[in-house]
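Below you'll find the structure, written out as structure tokens, and then a few comments.
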Amino acid sequence: MYEEQLVSDSRPVRVRFAPSPTGDLHIGGVRTAQFNWMFARRHGGKFILRIEDTDQKRTQEHSLSSIMDGLRWAGLDWDEGPDIGGDYGPYIQSQRLAHYQYWANWLVEHGKAYRAYETPEELELISAARKASGFPPGYDRRARQLTPEDWARLDAEGKPYVIRLKVPLDGETVFEDMVRGTIRVRNDTLQDAVLLKADGFPTYHLAHVVDDHLMEISHVIRAEEWLPSTPLHILLYQAFGWEPPKFCHVPVILHPSGGKISKRKHPEASISYFIKGGYLPEAVTNFLCNVGWNYGKTDEKGEEIQVFTKEEAAEVFDITRVTQTGTKFDVVKLKWLNGEWIRRLSDEALARRMQPFFEAAGLNAPYETLLKVAPLVKERIKVLTDAVEMAGFLFRDDVPVPEPSTLIPKGLTAEQTCAALQLAHDTLAALPDFEVATQEAALRSTAEQLNIKAGQFFSPIRLAVTGQSVSPPLFEVMAIIGREKVLARLARAIAVLQTTA
RNA sequence: GCCCCUAUCGUCUAGAGGUCUAGGACGCGGCCCUUUCAAGGCCGAAACCGGGGUUCGAGUCCCCGUAGGGGCACCA
């Protein structure tokens with residue numbers, strides 16, 4: 001199916017991302033938001049942010065700002081939303097209760113819905129009894145029998161009620177999903193879903209249908225977990241006599257071990273994991289494009305282009321080509337992509353982006369120094385936090401004293417190593433300047449003098465100066481650290497070897 | 001239990017009935033480069049879930065199995 005057929009000219013493209021404020025933004029939510037965003041940008045439509053806070057128990061105080069921060073971090077800007085308003089506001093459902101109550105009652109008045117007075121406890125009993133006698137669990141629609149007189153009597157007793165949809169007992173509901181094609185469900189498998197809760201708040205089913213209609217949403221792009229309840233939503237549109245939007249259900253993101261990735265069980269389900277973990281928003285959105293969709297452009301070698309921006313993706317985004325299979329979230333591949341993006345950063349940009357991570361590690365890393373560090377770590381790190389691990393020693397005075405055993409390279413004795421370090425020390429001390437090229441020329445000829453391989457020579461120097469066996473290129477590192485500290489650290493290592501020998 | 005969706009290398013995917021000896025990427029292995037580690041270059045191993053149809057021809061269409069996922073709340 002091609003997308004062009006599904007975007008009608010008569011109806012402007014208006015899509016929304018509608019999270020519930022129950023904590024951090026979920027990584028799957030980011031992708032859903034991104035698909036909506038790309039679809040809107042592709043078709044010159046509007047991308048709307050709406051907050052679905054109709055569950056008073058689960059709503060969390062700081063969640064709204066956390067969600068908006070997450071979206072901003074990912075660069076998914078919205079055209080209408082709680083903070084910026086718009087012509088269809090308010091964009092927070094708890095501020096739209098009058099709408100839901102009006103339309104719920106409208107359905108009752110028109111015989112499409114009814115009041116039900118069962119308590120949650122009674123419902124549990126009903127469900128259990130049905131199960132026991134071989135029926136599917138759920139509600140048995142007994143309140144359909146109630147007359148308006150019954151309602152008056154129960155109201156007089158002060159009994160709270162909910163409003164339930166009167167689902168047709170026979171027939172089937174059919175709709176077209178933009179990625180899955182025709183979906184067909186028998187109505188007798190559907191429940192008389194609650195639309196308005198006893199506390200006067202709507203359920204998701206009612207609230208989103210009313211809002212999507214009132215906000216003139218043209219395409220509902222949402223996670224696959226909504227697929228089974230979509231027939232119910234179609235029935236609701238029919239009961240109202242409204243034209244439903246087009247639906248598109250995108251596959252869920254799975255944990256590599258199988259099953260839905262959940263914030264409760266997996267830290268990487270939350271966008272903050274990636275923000276704090278030193279991932280670039282460019283890489284995360286790039287990666288998310290390839291989970292359930294693919295860019296499809298190839299380079300001159302015939303290889304698929306893997307690195308692209310979400311803007312580039314939006315230019316060719318076709319929602320009907322979204323995959324239909326649940327996809328596992330491969331953090332390893334994300335890390336690789338993140339490395340690709342880091343390598344594309346200018347030194348200035350990389351320095352700026354690394355800075356907060358050094359600070360978070362308690363290191364005072366001036367921008368000017370980071371600017372020199374950037375080219376050294378650029379092709380060695382996958383996430384920004386790697387830079388702290390790899391180059392943190394540049395900003396630390398308490399670099400660990402190396403173990404004598406690690407100091408001695410293969411093929412050399414302790415005495416030889418000690419002598420080599422002493423010679424390195426003296427050579428460096430005598431240099432006219434401390435430039436990389438000067439150091440390199442001098443130390444390479446020193447290695448020749450000593451008749452040992454360059455690698456054998458540089459290894460103990462590296463250990464002594466950086467405290468690590470792995471580091472960015474040695475001469476660059478020493479130039480940044482400065483001659484004084486380098487000589488001191490060499491002297492310290494020499495002393496360690498001497499006491500051992 | 002009932003309903004819905006899905007099924008190509010370990011993972012993400014390309015594949016719109018003949019161009020498939022099934023392509024790419026990550027990861028993995030090897031080689032080259034090299035002061036460590038990377039990055040980069042080259043090479044390699046690695047998949048159409050099973051069974052029936054339809055068709056001259058099926059990874060591609062249909063059916064049945066099987067497997068995976070999702071859903072059956074006064075949560076979203």
Side-chain angles (χ1 to χ4, degrees), chain A residues 1-2 18-22 52-55 57-58 116 118-120 123-124 127 131 134-139 160-164 177 179-180 183-186 188-191 193-199 201-205 207-208 223-231 249 251-252 254 256 258-260 287 290-296 298-299 301-307 323-337 339-340 343 377-382 386 390 440 443-444 447 453-459 461-463 466 468-475:
Chain A
M1 202 183 308
Y2 294 90
S20 55
T22 54
E52 312 224 322
D53 59 341
T54 55
D55 185 349
K57 290 183 214 80
R58 293 206 314 162
E118 291 80 13
T119 63
L123 289 173
E124 238 169 83
S127 186
K131 231 172 170 174
F135 288 96
Y139 181 56
Y161 63 86
V162 300
I163 292 178
R164 285 179 183 271
D177 186 271
V179 328
R180 282 156 220 275
I183 311 279
R184 176 185 296 276
V185 180
R186 287 211 327 272
D188 61 14
T189 65
L190 267 25
Q191 299 262 332
V194 170
L195 301 178
L196 199 69
K197 303 183 248 184
D199 63 3
F201 276 64
T203 59
Y204 171 79
H205 304 300
H208 95 275
E224 187 188 0
E225 59 219 63
W226 295 111
L227 195 56
S229 58
T230 305
H249 291 92
V252 289
L254 271 20
K260 229 164 51 154
F287 179 74
N290 280 328
V291 177
W293 185 72
N294 95 303
Y295 189 44
T298 52
D299 60 19
K301 278 159 76 185
E303 293 178 350
E304 286 175 14
I305 295 172
Q306 303 279 340
V307 185
T323 307
Q324 312 181 40
T325 38
T327 45
K328 290 181 179 165
F329 193 91
D330 185 3
V331 186
V332 175
K333 190 163 184 177
L334 202 211
K335 274 202 170 191
W336 164 77
L337 238 197
E340 289 289 319
R343 270 167 250 140
V377 298
K378 195 179 275 182
E379 51 196 34
R380 279 166 245 270
I381 60 174
K382 286 189 157 68
D386 287 346
M390 175 158 285
E440 178 157 13
L443 289 181
R444 279 192 192 280
K453 286 192 204 133
Q456 283 177 307
F457 189 35
F458 299 157
S459 165
I461 302 176
R462 182 189 314 280
L463 250 311
T466 70
Q468 303 171 177
S469 60
V470 170
S471 85
L474 186 56
F475 312 119

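In what follows, chains are A, B, ... by sequence order, proteins preceding strands, each numbered from 1.
- With a cut-off of 3.5 Å on both Watson-Crick or G-U wobble distances, the partner of B/U36 is given as none.
- At the heavy-atom level, A/Pro256 lies nowhere under 4.0 Å from the strands shown.
- The partner of B/G1 is B/C72, by the rule that a Watson-Crick or G-U pair needs both atom distances under 3.5 Å.
- Looking at A/Glu340 and A/Lys335, their side chains never come closer than 4.5 Å, going by heavy atoms from C-beta outward.
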Requested in this report: Summarise how protein sits on nucleotides 71-76 of chain B as a single string, 5' to 3': B when a protein heavy atom is under 4.0 Å from the base, S for sugar-phosphate-only contact, - for no contact.
Outcome: SS-BBB

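- No side-chain heavy atom of A/Asp386 sits under 4.5 Å from any side-chain heavy atom of A/Arg380.
- For the pair A/Asn290 and B/C12, the criterion of a side-chain N or O lying under 4.0 Å from OP1 or OP2 is not met.
- Nucleotides B/U11 and B/C3, compared at atom C1', are 30 Å apart to the nearest Å.
- By the 4.5 Å heavy-atom criterion applied to side chains, A/Gln468 and A/Leu463 are not counted as neighbours.
- Looking at heavy-atom distances under 4.0 Å, A/Pro473 makes contact with a base.
- Using a 4.0 Å heavy-atom distance criterion, A/Ser459 is classed as making no nucleic acid contact.
- No side-chain heavy atom of A/Leu196 sits less than 4.5 Å from a side-chain heavy atom of A/Val162.
- For B/U6 and B/C48, the C1' atoms lie 15 Å apart once the distance is rounded to whole Å.
- Counting only distance, with no hydrogens or angles, the side chain of A/Thr466 and the backbone of A/Arg462 share a donor-acceptor pair below 3.5 Å.
- For A/Glu379, the listed nucleotide lying nearest its side chain is B/A38; candidates were B/A38, B/C4, B/U13.
- To the nearest angstrom, C1' of B/A39 lies 11 Å from CE of A/Met390.
- Taking atom NZ of A/Lys335 as the reference point, atom C1' of B/A38 lies 14 Å away to the nearest angstrom.
- The distance between atom CG of A/Leu254 and atom P of B/A7, rounded to the nearest whole Å, is 14 Å.
- With hydrogens and angles ignored, no donor-acceptor pair under 3.5 angstrom links the side chain of A/Arg180 to the base of B/C5.
- For the pair A/Tyr295 OH and B/C12 C1', the computed distance is 17 Å after rounding to whole Å.
- Residues A/Arg58 and A/Thr22 have side chains that never bring a donor and an acceptor to within less than 3.5 angstrom of each other.
- Contact of A/Arg462 with B/U35 (side chain to base): a donor-acceptor pair of N or O atoms is detected under 3.5 Å.
- Within the structure, every side-chain polar atom (N or O) of A/Arg380 is placed at least 4.0 Å from both OP1 and OP2 of B/U36.
- For A/Glu224 and B/G68, the CD to C1' distance is 11 Å, given to the nearest whole Å.
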Report task. Using a 4.0 Å cut-off on protein heavy atoms (strictly under), produce a 5'-to-3' string for nucleotides 19-30 of chain B with B for base contact, S for backbone-only sugar-phosphate contact, and - for none. Result -> ----BBBSS---

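- Contact annotation for A/Phe475: base contact, defined as any heavy-atom pair under 4.0 Å involving a base atom.
- Using a cutoff of 4.0 Å between basic side-chain nitrogens and carboxylate oxygens, A/Asp188 and A/Arg186 are scored as salt-bridged.
- Atom CG of A/Asn294 and atom C1' of B/C12 are 9 Å apart (whole Å).
- Taking atom P in both B/G15 and B/C20, one finds a spacing of 14 Å when rounded to whole Å.
- None of A/Val331, A/Leu337, A/Asp330 except one satisfies the side chain to side chain contact (heavy atoms under 4.5 Å, CB included) rule with A/Lys333; the exception is A/Asp330.
- When each of A/Val291 and A/Gly259 is assigned the nucleotide of RNA chain B with its nearest heavy atom, A/Val291 is the one assigned upstream, toward the 5' end.
- Comparing B/A25 with B/G69, their P atoms are spaced 30 Å from each other, to the whole Å.
- Side-chain atoms of A/Tyr295 and A/Gln306 include no donor-acceptor pair closer than 3.5 Å.
- Nucleotide B/U66 forms a Watson-Crick or G-U wobble pair with B/A7, both donor-acceptor distances falling under 3.5 Å.
- Across B/A76 and B/G40, the matching P atoms stand 47 Å from one another, rounded to whole Å.
- Using a 4.0 Å heavy-atom distance criterion, A/Gly339 is classed as making no nucleic acid contact.
- Within the nucleic acid shown, A/Leu227 comes within 4.0 Å of sugar-phosphate atoms alone, with no base atom in reach, counting heavy atoms only.
- Summarising the geometry, the separation between NE2 on A/His249 and C1' on B/G69 is reported as 15 Å, rounded to the nearest angstrom.
- Listed by chain and residue number, A/His208, A/Trp226, A/His233 satisfy the ring-ring contact (aromatic ring centres under 6.0 Å, His included) test with A/Tyr204 (two or more places apart in sequence, or in another chain).
- Shown here, B/C28 forms a base pair with B/G44; the pair counts as Watson-Crick or G-U wobble because both key distances fall under 3.5 Å.
- Between A/Lys301 and the phosphate of B/C42, there is a side-chain N or O to OP1/OP2 separation shorter than 4.0 Å.
- Checking A/Thr230 against A/His249 by side-chain atom types alone, a donor-acceptor pair falls below 3.5 Å.
- Remark: B/U55 base-pairs with no nucleotide in the shown strands. Criterion, Watson-Crick or G-U wobble with two distances under 3.5 Å.
- Nucleotides B/C9 and B/U21 are separated by 16 Å at their C1' atoms, to the nearest Å.
- Spacing between atom CD of A/Gln324 and atom C1' of B/G68 amounts to 15 Å, rounded to whole angstrom units.
- At distances below 3.5 Å, not a single donor-acceptor pair connects side-chain atoms of A/Thr298 with backbone N or O atoms of A/Glu303.
- Atom C1' of B/U8 sits at a distance of 6 Å from the matching atom of B/A47, rounded to the whole Å.
- Taking the P atom of each, B/G44 and B/C61 are spaced 32 Å apart, rounded to whole Å.
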